[in-house]
Amino acid sequence: MEKLMSDIKIFKDMPDDGAYIDWLKNNKNGFILNIDKGGTQSIYPMLHKASGGCNSFPTERKDKNWTTNDSDYFKVCSNSRKKLSEWSWSEYDRENRCKTCFKKELDEEKTAWLTEEQNFYTNSIPHLGKNIAELKNRLASETSPEKQTELKILIKVRRGQDQFRQDLLKLYPSCPLTGLDIEPLLIASHIKPWSVCNNNERLDPFNGLMLAPNIDALFDKGLITFDTDGTIKIHPTIDPENQERLGISRDMKLKIEPESEKYFEYHRNHVFQKEE
């Protein structure tokens, strides 16, 4: 079944791969979405370049069942990356890119993302879903490819933030030091800072604490940390008078989950300010 939609061709349940391979040969500057028919694998749709160098679609092979009824996948092709991207987001609400075909682009985005996220990171906002909807509305009306890419990145960031916060609230429905349980005031704070985490660590709820704003500020700036038994360590620059103003004391203690120990160790060694 070969479907034509404007500049988009869908090769699905074909008798053989001949038509798809002919398209590859005749459209070397084109783009391909590889999609699993079951729609259960989050890495798909996967965007490739027809000549992107990943060797996923060698044109001399006609026995791979890339587009036939027996294949678990089908292909959506176009010479317009923009239209293919719009189709992917419209049908699947996502688009992933081949790390080989788009290596340079992804590397540049990663650098930009780190900078953007450090400025943009606002886990204290409880209603992130609303912001995702606003970003998706902007994406739908945006015509600039560069802006579209930026908005897609921000949508992914927002989704990650929202999931991290919700998972963290299950572990800490209130601030473990002050008992504050007014959710809009609680800040989802990373123990090991976001900027030095890998992707798994950034979303790991055991790498976080739900903290009252004053406690979050102290923890983030390395003015407090916690020993292996959970006892608070307060930097000596915060004298007893200011400790009282901040609502902290040296007898405060929190329970450290075993999965969180490595993150607290990092915080003690690399974030907590050393005494001069």
Side-chain angles (χ1 to χ4, degrees), residues 113-129 131 154 156-276:
W113 190 352
L114 287 170
T115 302
E116 181 69 27
E117 171 66 352
Q118 284 178 296
N119 295 328
F120 189 71
Y121 196 66
T122 52
N123 265 322
S124 58
I125 301 175
H127 302 299
L128 292 173
N131 293 320
L154 294 183
K156 289 182 179 180
V157 168
R158 283 299 193 181
R159 283 177 173 154
Q161 290 175 328
D162 190 24
Q163 188 62 56
F164 177 72
R165 181 180 179 86
Q166 295 308 314
D167 290 345
L168 196 51
L169 278 167
K170 295 175 184 177
L171 289 175
Y172 300 101
S174 62
C175 174
L177 290 183
T178 67
L180 178 72
D181 62 359
I182 303 174
E183 185 179 331
L185 296 180
L186 292 172
I187 296 177
S189 179
H190 278 87
I191 302 168
K192 180 179 179 180
W194 184 96
S195 60
V196 294
C197 288
N198 61 39
N199 288 336
N200 290 332
E201 291 171 334
R202 288 170 184 161
L203 299 179
D204 184 359
F206 290 102
N207 183 26
L209 294 166
M210 293 303 294
L211 298 176
N214 59 320
I215 304 299
D216 172 73
L218 292 166
F219 190 67
D220 183 63
K221 295 184 182 300
L223 293 173
I224 61 170
T225 193
F226 299 91
D227 279 325
T228 54
D229 66 351
T231 302
I232 194 172
K233 289 180 66 175
I234 303 174
H235 195 272
T237 55
I238 304 177
D239 57 43
E241 187 176 33
N242 278 309
Q243 290 177 33
E244 184 175 354
R245 290 168 178 160
L246 289 164
I248 59 174
S249 62
R250 295 190 181 277
D251 60 356
M252 281 183 160
K253 191 173 184 178
L254 58 75
K255 179 184 177 182
I256 295 180
E257 301 293 339
E259 298 90 340
S260 298
E261 289 176 356
K262 61 182 179 181
Y263 299 121
F264 279 103
E265 180 180 3
Y266 186 95
H267 191 275
R268 284 192 297 272
N269 294 333
H270 301 284
V271 180
F272 185 62
Q273 295 185 22
K274 304 301 181 184
E275 297 183 26
E276 296 181 355

For the student: nearest non-hydrogen atoms of Ser249 and Ile232, plus distance: O-CG2, 3.3 Å
Results of ring pair (Phe, Tyr, Trp, His ring centres under 6.0 Å) for Phe206 - residues two or more places apart only: none
Does a side-chain heavy-atom distance below 4.5 Å link Phe226 with Leu254? yes
Asn269 side chain to Glu265 backbone, donor-acceptor under 3.5 Å: yes
Closer than 3.5 angstrom, by distance alone: can the side chain of Asp227 be matched with the main-chain N or O of Gly230 as a donor-acceptor pair? no
Approximate separation, where rounding is to 0.5 Å, of Glu201 CD and His190 NE2: 9.0 Å
Quick one: closest heavy-atom pair of Phe164 and Ala188, and the distance? CE2-CB, 4.0 Å
Would you mind reporting whether Leu211 and Pro176 have side-chain heavy atoms less than 4.5 Å apart? yes
Which heavy atom of Ile234 sits nearest to which heavy atom of Arg250, and what is that distance? O-NH1, 3.5 Å
Do Gln163 and Asp167 get their side chains close enough for a donor-acceptor pair, meaning under 3.5 Å? yes
Output, in order, the C-alpha distance, side-chain angles, deciding distance and verdict of side-chain contact (heavy atoms from CB on, under 4.5 Å) for Ser260 and Asn207. CA-CA 6 Å; Ser260 298; Asn207 183 26; over 6 Å; no
Heavy atoms of Leu168 and Pro205 approach each other most closely as CD1-O, 3.1 Å
The residue among Leu209, Leu186, Ile187 that forms side-chain contact (heavy atoms from CB on, under 4.5 Å) with Cys175 is Leu186
Which distance, rounded to the nearest 0.5 Å, do you find between the CD1 of Ile191 and the CD1 of Ile256? 8.0 Å
Rounded to the nearest 0.5 Å, what separates atom CD in Gln243 from atom CG in Leu218? 10.0 Å
Under the side-chain contact (heavy atoms from CB on, under 4.5 Å) test, which residues partner Asp220, sequence neighbours left out? none
Between the CG atom in Asp239 and the CD atom in Glu244, the distance rounded to the nearest 0.5 Å is 10.5 Å
In short, Gly222 meets Phe272 closest at the heavy-atom pair O-CD1, 3.2 Å
List the steps, then state whether side-chain contact (heavy atoms from CB on, under 4.5 Å) holds for Ile224 with Ile248. CA-CA 10 Å; Ile224 61 170; Ile248 59 174; 4.3 Å; yes
Measuring from Glu183:CD to Ser174:OG, what's the distance to the nearest 0.5 Å? 11.5 Å
What's the shortest heavy-atom distance between Thr228 and Arg268, and which atoms? CG2-NH2, 3.5 Å
Enter the distance from Leu185:CG to Asp216:CG here, rounded to the nearest 0.5 Å. 12.0 Å
Is the Phe219 to His267 ring centre distance short of 6.0 Å? yes
Run the side-chain contact (heavy atoms from CB on, under 4.5 Å) test on Val271 and Thr225 for me, step by step, so that the C-alpha distance in whole Å, both residues' side-chain angles and the decisive distance to 0.1 Å come before the verdict. CA-CA 8 Å; Val271 180; Thr225 193; over 6 Å; no
Any cation-pi pair here, Lys192 with Tyr263, using under 6.0 Å and within 45°? no
